[in-house]
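See below for the structure under consideration.
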Amino acid sequence: MFTLATWNINSVRLREGLVARLLREEAPDILCLQECKSPVEKIPLTMFQELGYNWIVARGQKGYNGVAILSRLPIEDAGDRDYAKLGHARHVAARLENGVTIHNMYVPAGGDIPDRELNVKFGQKLDFVSEMRDVFHADNPQRSILVGDLNIAPREDDVWSHKQLLKIVSHTPIEVEHLLAAQDAGKWVDVTRQDIPEGLLYSWWSYRSPDWNAADKGRRLDHIWATPDISNAAHGSRILRDVRGWQQPSDHAPVLATFDL
DNA sequence: ATGGTGGCCAAGCCA
């Protein structure tokens, strides 16, 4: 049995202390981070190792993007892929000794205008997710977990106002369509919604809102998926909303799930 | 309709 957490940390060096606090208070066996904004060699490993997280599989770059998998269970590097040929550090995979593969992903945000003719970044986002679909279709993943900041809130109850966000990047029909096609191609089960099927659920609140907690204009951008052969082992999903209120927080909250495997 | 905040690193890009 292991507990897995995913968290867009928005700079792992600035928020080293917040990562340590999460590891102390929640003690997930595995923590997948996105937006580390650091070369791998500059990720602050000492404190994580002192807390028992002796294994790391990561891809980094200076200033932007970056994904890391910290683990207190042995993991081996299972490679990466440069989706949409962006040259960004947005994917890395690791394998546990029980054969379970973990994919840690950071899908591009996609800019502000939801039109690929007017906004190159939106096209790159759609291409990234289309390539996910193609890879999953070709690979037919087994005993796999996919986590990360997918930067798309697929359901009406994954956003504070479905109607008001229909033309806002992260909740447009074309993005949702692309994400569901990728999910379907790998037969991925949305573990968070398997456990919490009803009600509004968010993992991100903008920094630009003066009182994020009272306004509560959130979106569920961070996800945990599993292939059907292991999805029934998943339970206990949580989104740690309180973490969004910690001192100098990330704009994302951690998402957790436990697997009896 | 607009601008609001935050991190990279020291101007403008990205989210």
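The figures that follow rest on heavy atoms only: side chains count, while hydrogens, waters and symmetry mates do not. Here is how names work: the chains are called A, B, and so on, in the same order as the sequence lines, proteins then strands, and each is numbered from 1.
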Exercise for review: Give the minimum heavy-atom separation between A:Trp225 and A:Leu150, together with the two atoms involved.
Suggested key: CZ2-CD1, 3.7 Å
**Study point:** A:Arg90 to A:Tyr106, cation-pi by 6.0 Å centre distance and 45° axis angle
**Key:** yes
Point to revise | Value in whole Å for how far the P atom of B:dG12 lies from NZ of A:Lys121 | key: 16 Å
Practice item. Looking only at side-chain atoms of A:Lys62, point me to the closest of B:dG7, B:dC9, B:dA15. Key: B:dC9
**Study point:** Below 4.0 Å: OP1/OP2 of B:dC8 and any side-chain N or O of A:Ser11
**Key:** yes
Review point. Taking the nucleotide of DNA chain B with the closest heavy atom to each, which residue, A:Asn65 or A:Pro249, is nearer the 5' end?
Key: A:Pro249
Revision key, fill the gap. When rounded to whole Å, the NZ to P distance for the pair A:Lys37 and B:dC8 reads 6 Å
Check your understanding: For atom C1', what is the distance between B:dC9 and B:dC14, given to the nearest Å?
Key -> 13 Å
Check your understanding: Rounding to the closest angstrom, what is the interatomic distance between B:dG4 and B:dA15 at atom C1'?
Key -> 14 Å
Revision key, fill the gap. Atom CG of A:Asp149 and atom P of B:dC14 are separated, to the nearest Å, by 17 Å
Practice item. Rounded off to whole Å, could you give me the CG-to-P distance for the A:Asn8 and B:dC8 pair? Key: 13 Å
Exercise for review: Verify, without hydrogens or angle tests, whether A:Ser203 (side chain) and A:Asp222 (backbone) share a donor-acceptor contact under 3.5 angstrom.
Suggested key: yes
Point to revise | Nearest-Å distance for atom pair CG/P, residues A:Asp211 and B:dT5 | key: 14 Å
Check your understanding: Does A:Arg15 put a side-chain nitrogen or oxygen below 4.0 Å from OP1 or OP2 of B:dC8?
Key -> no
Point to revise | Interatomic distance, A:Tyr106 OH vs B:dC8 P [rounded to whole Å] | key: 13 Å
Check your understanding: Expressed in whole Å, how much space separates the P atoms belonging to B:dG6 and B:dT2?
Key -> 23 Å
Exercise for review: Find out whether the Lys NZ or Arg CZ of A:Arg244 is both under 6.0 angstrom from the six-membered ring centre of A:Trp212 and within 45° of the ring's axis.
Suggested key: yes
Practice item. Please determine, for the side chain of A:Arg208, which listed nucleotide (B:dG6, B:dC14, B:dG4) has the closest atom? Key: B:dG4
**Study point:** Side-chain N or O of A:Arg13 closer than 4.0 Å to phosphate OP1/OP2 of B:dG7
**Key:** no
Check your understanding: Which nucleotide sits closest to the side chain of A:Leu14: B:dA15, B:dC8, B:dT5?
Key -> B:dC8
Practice item. Rounded to the nearest angstrom, tell me the gap between atom NE2 in A:His252 and atom C1' in B:dG6. Key: 12 Å
Check your understanding: Over how many whole Å does the gap from A:Glu35 atom CD to B:dG6 atom C1' extend?
Key -> 11 Å
**Study point:** Residue-phosphate contact under 4.0 Å: A:Gln248 side-chain N/O, B:dG7 OP1/OP2
**Key:** yes
Check your understanding: Between B:dG7 and B:dA11, how far is it from one C1' atom to the other, in whole Å?
Key -> 14 Å
Exercise for review: Tell me what A:Arg219 touches on the nucleic acid: a base, only sugar-phosphate, or nothing, going by heavy atoms under 4.0 Å.
Suggested key: nothing
**Study point:** Member of A:Asp80, A:Val107, A:Leu146 meeting the side chain to side chain contact (heavy atoms under 4.5 Å, CB included) criterion with A:His91
**Key:** A:Asp80
Exercise for review: Please work out whether the ring planes of A:Phe2 and A:Phe259 are parallel, tilted or perpendicular, with thresholds of 30° and 60°.
Suggested key: parallel
